[in-house]
Amino acid sequence: MARSLHAVARPLAVARVSGRPDPDTLGGITAPFGGVVTFTVAVGDRVRAGDVVAVIEAMKLEAALIAPTAGRVQRLAIPDQSLVEGGDVVLEIR
């Protein structure tokens with residue numbers, strides 16, 4: 001019995017997660033869970049609250065890390081495409 005396969009092109013949904021402020025780092029934003037971080041911003045960029053600043057990929061799941069506050073990116077705490085654990089500081093916004 002022959003079966004036909006029907007493919008429907010549609011974009012995959014990307015979860016949006018808010019970065020959490022790090023109490024020990026002024027303006028520090030932490031990863032909500034572990035994975036590989038790819039930045040969408042550079043040092044010196046201005047961001048608004050809700051802007052995507054990085055994407056975290058873990059086990060085929062992608063989540064957009066959004067800025068919790070407005071400001072300027074002061075520092076990327078890790079190299080682009082680095083593996084992080086949940087709670088690690090990934091960037092600073094002031």
Side-chain angles (χ1 to χ4, degrees):
M1 174 183 210
R3 291 192 209 183
S4 61
L5 177 64
H6 222 60
V8 178
R10 66 177 183 175
L12 297 175
V14 175
R16 293 174 58 91
V17 294
S18 182
R20 298 197 174 144
D22 179 51
D24 299 326
T25 306
L26 180 64
I29 307 302
T30 63
F33 56 85
V36 176
V37 175
T38 302
F39 291 104
T40 59
V41 295
V43 172
D45 288 355
R46 285 200 173 276
V47 296
R48 295 178 302 214
D51 284 353
V52 175
V53 294
V55 175
I56 301 176
E57 182 182 344
M59 299 177 64
K60 297 186 183 181
L61 166 74
E62 283 190 355
L65 183 63
I66 59 172
T69 60
R72 186 178 297 272
V73 177
Q74 294 294 313
R75 178 176 77 101
L76 301 179
I78 58 170
D80 195 38
Q81 298 187 343
S82 291
L83 181 63
V84 297
E85 296 292 326
D88 287 353
V89 174
V90 294
L91 64 105
E92 292 177 22
I93 299 174
R94 293 193 200 147

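It should be emphasised that the depicted structure is a prediction, and the values quoted were computed from it without experimental measurement. Excluded from the calculations below are hydrogen atoms, water molecules and symmetry mates; all remaining heavy atoms, backbone and side chain alike, are included.
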Side-chain donor-acceptor contacts of residues 44-53 below 3.5 Å, not counting sequence neighbours, with atom names and distances?
residue	atom	partner	partner atom	Å
Asp45	OD2	Ala42	N	2.8
Asp51	OD2	Arg48	N	2.8

Heavy-atom closest pair, residues Ala58 and Gly35
CB-CA, 4.1 Å
If you link ILVMFWY side chains whenever their heavy atoms are less than 4.5 Å apart, which other residues fall into the same cluster as Leu83? By chain and number, please.
Val36
Which heavy atom in Phe33 sits nearest to a heavy atom in Ala63, and how many Å separate them?
CZ-CB, 3.6 Å
Minimum-distance pair of heavy atoms, taken over all atoms of Asp80 and Phe39:
OD1-N, 2.7 Å
Side-chain atoms of residues 84-94: list all donor-acceptor pairs with protein atoms under 3.5 Å, sequence neighbours left out, distances to 0.1 Å.
residue	atom	partner	partner atom	Å
Asp88	OD2	Glu85	N	2.9
Glu92	OE1	Arg94	NH2	2.8
Glu92	OE2	Arg75	NE	2.7
Glu92	OE2	Arg75	NH2	2.8
Arg94	NE	Leu26	O	3.4

So CG of Leu65 and OG1 of Thr30: to nearest 0.5 Å the spacing works out to 8.0 Å
Heavy-atom pair of closest approach, residues Thr40 and Ala54:
OG1-N, 3.4 Å
